[in-house]
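Notes follow once the structure below has been shown.
Each ligand, and each atom within it, is numbered from 1 in the order the structure gives.
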Amino acid sequence: MKAYVDDDLCIGCGTCPEVCPEVFHMTDDGIAHAINGDIPEDVLGNAKQACDSCPVDAIDIDD
Ligand code: F3S
């Protein structure tokens, strides 16, 4: 599974890298970005939690 951040929606609240730093990080322009590859199995739950925690629904997780 892969994670995607819609950079038009992200308001840079910083929650996703806090909840799942293995998958999400903040870029220099203050927007979150997800790793390009597959989400490691052991952090998939955290990645989904980050997705659910985003206040503007900017994160998608799918195949
Ligand atoms: Fe942005 Fe949502 Fe993460 S607003 S910083 S994608 S939790």
Side-chain angles (χ1 to χ4, degrees):
M1 301 197 90
K2 292 191 164 107
Y4 306 91
V5 175
D6 186 330
D7 53 11
D8 287 331
L9 291 178
C10 175
I11 55 170
C13 78
T15 300
C16 55
E18 218 170 89
V19 174
C20 189
E22 296 86 354
V23 172
F24 301 98
H25 67 271
M26 302 303 291
T27 61
D28 287 342
D29 49 9
I31 298 296
H33 189 259
I35 57 169
N36 288 323
D38 281 333
I39 301 169
E41 197 67 42
D42 58 334
V43 297
L44 188 54
N46 285 354
K48 286 181 174 168
Q49 193 189 326
C51 177
D52 290 342
S53 302
C54 178
V56 293
D57 259 344
I59 302 171
D60 268 333
I61 293 180
D62 57 39
D63 292 331

Checklist entry - Do Met1 and Val43 share a hydrophobic cluster (ILVMFWY, side-chain heavy atoms under 4.5 Å, transitive)? => result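 As far as the 4.5 Å side-chain criterion goes, Val43 and Met1 are connected within one cluster.
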Could you pull out the closest heavy-atom pair between [X] and [Y], with the gap in Å?
X	Y	value
Ala58	Cys10	CB-N, 3.7 Å
Ala34	Tyr4	CB-N, 4.4 Å
Ile59	Cys54	CD1-CB, 4.1 Å
Met26	Pro17	SD-CG, 3.6 Å
Lys2	Ile39	C-CD1, 3.8 Å

Checklist outcome for this item: Nearer than 2.8 Å to atom 1 (Fe) of ligand 1, the protein contributes N, O or S atoms numbering 1
